[in-house]
Amino acid sequence: MDLHMGCTLWSESGASGSRYTRLDGDVESDVAVVGGGIGGAIAAWEIAERGFEVVVLERHRVGMGSTRGNTGLLQYANDMPLAEMIRVHGRRRAVDFYRRCWEGVSRLRNIAKALPEDVEFAERMSLCYASVPADIPRLKEEARVLIEHGFAAEIVLGRREVRDAFGLDRDAVLVTYGDAEVNPLKLTRDLLAELVRRGAARVFEDTAVVRMDEGERGVVLETDGGRRVKARAAIVATGYGFQRATPLAGVRLGCTYAIATEPVSDLSHWPEGAVVWETARPYLYMRTTPDRRLVIGGLDLPVPDGPRRDRELNIRADKLAELAREVLPGLGTISIAYRWASTFGSTVDGWPIVGLYPGFRRVFCSLGYGGNGTVCYAVAADILARRIAGEDRPEDLMLGPERLSLWRRAARRLSVAVRP
């Protein structure tokens, strides 16, 4: 699958990073991580923190798959608001998931602090504005539910009040605290580089896994070069490419568009210390960077790749800039420096996929599908590192891939029940 088209900000403007060799011999390790993107890097870090040796296998270059198209927003809020998630999953499970994500942001904060290089991690509040006045009751309900369950949130009502407070030309905004932003490619590369420096991990690029087998004592991964990796357990963190290789029920792939502007000389009209998104689906999302660029994304399509995605890049890039100026009229003229389209994935129930790889007992999958994917990878890494260490918790099982089959069967029964 072609995960990107166009020029992404992080890969075009940043340093090239370390290169790792192709695996040219058989190796053994405690844990093998398949995928050298942000999900695999965070998993490798959490596993190494528990004293396990890790081998990371990346079929291309580290961080150059889904990660380079990531816009680096770290939000505990899900594409599915908490109020809606409670209706779908029940109060206890929904609130537990939101708390896990809030803790995931904190975990990423601690990881960033532990790295010797700056990965552009910054604390942020989130501003979710009502896309249209009809969305205001939902925004009020979400604020009430978040506050009721201990999350720091407040709502600002009135077009004049919202504009005076944040510069947004909208009728209402939900303000939440505890989010952040990061350079996702720097985070990925620096995580793996630090693990290698410490002797806790070995990383191999240009090394694709073509076969997995397991026995009573571990797993054996075979690469496209005919090499074998033996490990006690394995984690598959191959991002959105996983769905093409191993289709799972209840997963949807699409594409999202994003732009990064030239550095903006005057950001006085930007709500300082904030990331911005909205109630509409698909939604517009915006942030700034340390070098004073705006990163703006949205206008999603329900197709992950192909001619339609590619031919609409310039049209949708210009539209994103137009929408940003409409929401924040004080921005004035902005010039687009980078524009790209990226594949993304979501699940029917709003949760990531974390658990045993179908058909295996020692191979796990870590798939941070959803708008807060990086945060979900932090949640997944903690769960899987504990499971590999023998610290299972019953509540960890709720994110497993088998739940999606139940959703599909329920949908089929419902369609039969309502069929005329």
Side-chain angles (χ1 to χ4, degrees), residues 8-18 36-46 48-49 62-64 66-78 99-127 151-152 175-198 201 237 258 260 263-264 267 270-277 285-297 338 366 368 370-382 385:
T8 68
L9 168 63
W10 319 115
S11 57
E12 299 295 331
S13 63
S16 60
S18 302
I38 196 164
I42 296 171
W45 180 272
E46 291 288 358
E49 285 286 281
V62 161
M64 294 302 282
S66 301
T67 300
R68 66 179 169 133
N70 187 322
T71 50
L73 279 71
L74 305 177
Q75 297 173 287
Y76 72 81
N78 192 269
R99 285 179 178 152
R100 285 173 184 254
C101 289
W102 192 89
E103 292 167 359
V105 178
S106 297
R107 189 167 291 111
L108 291 167
R109 179 186 301 113
N110 292 335
I111 291 172
K113 288 179 179 178
L115 296 174
E117 301 294 329
D118 178 19
V119 294
E120 300 173 15
F121 183 97
E123 308 281 353
R124 292 290 181 257
M125 62 179 173
S126 283
L127 306 179
F151 298 99
V175 187
T176 55
Y177 302 90
D179 290 333
E181 63 189 25
V182 75
N183 181 319
L185 187 55
K186 276 189 176 182
L187 176 62
T188 300
R189 288 174 170 171
D190 288 4
L191 273 173
L192 294 176
E194 178 64 9
L195 289 175
V196 170
R197 188 192 68 81
R198 294 180 182 183
V264 178
L267 281 177
W270 179 267
E272 185 177 359
V275 297
V276 180
W277 60 316
Y285 47 97
M286 301 184 283
R287 57 163 288 196
T288 57
T289 65
D291 59 350
R292 305 180 65 82
R293 300 177 191 270
L294 301 182
V295 178
I296 306 162
Y338 304 95
S366 174
N372 58 348
T374 303
V375 174
C376 286
Y377 275 126
V379 172
D382 176 62

Under the rule for side-chain contact (heavy atoms from CB on, under 4.5 Å), what residues qualify as partners of [X], not counting sequence neighbours?
X	value
Asp190	Leu115, Glu117, Val119
Thr71	Leu73, Ala258, Tyr285, Val295, Trp340
Tyr76	Tyr98, Cys101, Trp102, Val105, Leu146, Phe151, Thr176, Asp179
Glu49	Trp45, Arg198

Sequence neighbours excluded, which residues qualify as side-chain hydrogen bond (donor to acceptor under 3.5 Å, both in side chains) partners of Thr374?
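For Thr374, the residues satisfying side-chain hydrogen bond (donor to acceptor under 3.5 Å, both in side chains) (neighbours in sequence not counted) are Asn70.
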
Which residues pass the salt bridge (Lys or Arg N to Asp or Glu O under 4.0 Å) test with [X], sequence neighbours left out?
X	value
Glu123	Arg109
Asp291	Arg293
Arg197	Glu194
Arg68	none

Gap between atom [atom2] of [Y] and atom [atom1] of [X] - 0.5 Å precision:
X	Y	atom1	atom2	value
Tyr377	Leu74	OH	CG	14.0 Å
Glu181	Gln75	CD	CD	10.0 Å
Leu294	Arg287	CG	CZ	10.5 Å
Glu120	Leu185	CD	CG	10.0 Å

Is any side-chain heavy atom of [Y] closer than 4.5 Å to one of [X]?
X	Y	value
Arg107	Arg100	no
Met286	Trp270	yes
Trp10	Thr67	no

Nearest heavy-atom pair of [X] and [Y]: which atoms, and what distance?
X	Y	value
Leu192	Gly36	CD1-O, 4.2 Å
Gly39	Ala237	C-CB, 4.0 Å
Val275	Ser126	CG2-OG, 3.1 Å
Ala48	Leu195	CB-CD2, 3.7 Å
Cys376	Gly368	CB-CA, 4.0 Å
Ala381	Ala43	CB-CA, 3.7 Å

Those residues that, when tested against Tyr338, pass ring pair (Phe, Tyr, Trp, His ring centres under 6.0 Å) (two or more places apart)
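Not a single residue meets the ring pair (Phe, Tyr, Trp, His ring centres under 6.0 Å) criterion with Tyr338.
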
Ile38 and Ile42: CA distance, side-chain angles, deciding distance, side-chain contact (heavy atoms from CB on, under 4.5 Å) verdict
CA-CA 6 Å; Ile38 196 164; Ile42 296 171; 3.9 Å; yes

For the pair Glu46 and Ile111, evaluate side-chain contact (heavy atoms from CB on, under 4.5 Å) and give the outcome as yes or no after the intermediate values.
CA-CA 9 Å; Glu46 291 288 358; Ile111 291 172; 4.1 Å; yes

